[in-house]
Amino acid sequence: VMGIWIPEGVDHAPDPVTGCRVTQLTNQVAMATNIYGEDPYCSAVSNRAVFIRSYYTRTRGPVELWIYDFNTGLSQLVDADVSHMDIANHAYGDGFFYFRYSAIRKELVRLDLSTLEKKVVYTLPEDHPRFVRWGAVSPDHRYYANVIMDDKRVFHVLVIDLKTGREITVASGEDLCNAHVGFDRMDGRYLFVQQ
């Protein structure tokens, strides 16, 4: 149920090799992930992390967005209808971005990890192609980057200026199928693309 904090996390014994404390965030019988190793979906400000959860066998359907609070060990459902491929983060900030699709809108939502406030920050044109990978947001929240695929199976890395709506293609190719786009953490002037 949305808005209800539930006890779900489990603290395990420290790892015998590294001494690291291991915390299992979820215990539901479902696929759950927070795997973007370059920029983890977490906040140094609020000591919270988000993860997506799917009860479907395929990853194309809607997924749930959950948040875990390391201070309390509790989890909460944040949104029950999130697009699996259109989530985006920026390194160690207190915001998490995701697309919510409806029959008439494609909205980029910013979730404040401290307050759980959700705000629509951008709406895509109705005929905009769907993104096919996980995206990234610049540190100043001005730019969104992600990947689309055309009908010839060529991938295009797009950057959208969320203030002006201007959209540019910065890279294209058949070998950009897993681009792992990410803005540099200092000032967002560079976009990294895995080829």
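It should be emphasised that the depicted structure is a prediction, and the values quoted were computed from it without experimental measurement. This chain uses plain numbering: 1 for the first residue, then up along the sequence.
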Tell me every residue that passes salt bridge (Lys or Arg N to Asp or Glu O under 4.0 Å) with [X], counting only those two or more places apart in sequence or in another chain.
| X | result |
| --- | --- |
| Asp140 | none |
| Glu167 | none |
| Asp184 | none |
| Arg153 | none |

For Val181 and Ala145 the tightest heavy-atom approach is CG2-O, 3.6 Å
Of all residues at least two apart in sequence or in a different chain, which pass the side chain to side chain contact (heavy atoms under 4.5 Å, CB included) check with [X]?
| X | result |
| --- | --- |
| Asp150 | Lys152, Val154, His156 |
| Asp161 | Arg142, Tyr143, Lys163, Thr164, Arg166 |
| Ile6 | Ile4, Glu8, Trp66, Ser75 |
| Asn71 | Asn47, Asp69 |

Which residues pass the ring-ring contact (aromatic ring centres under 6.0 Å, His included) test with Phe70, sequence neighbours left out? Tyr68
Only counting residues at least two apart or in another chain, list the ones meeting side-chain hydrogen bond (donor to acceptor under 3.5 Å, both in side chains) with [X].
| X | answer |
| --- | --- |
| Asp151 | none |
| Glu107 | none |
| Asp187 | none |

Does the gap between the ring centers of Tyr144 and Tyr122 come in under 6.0 Å? no
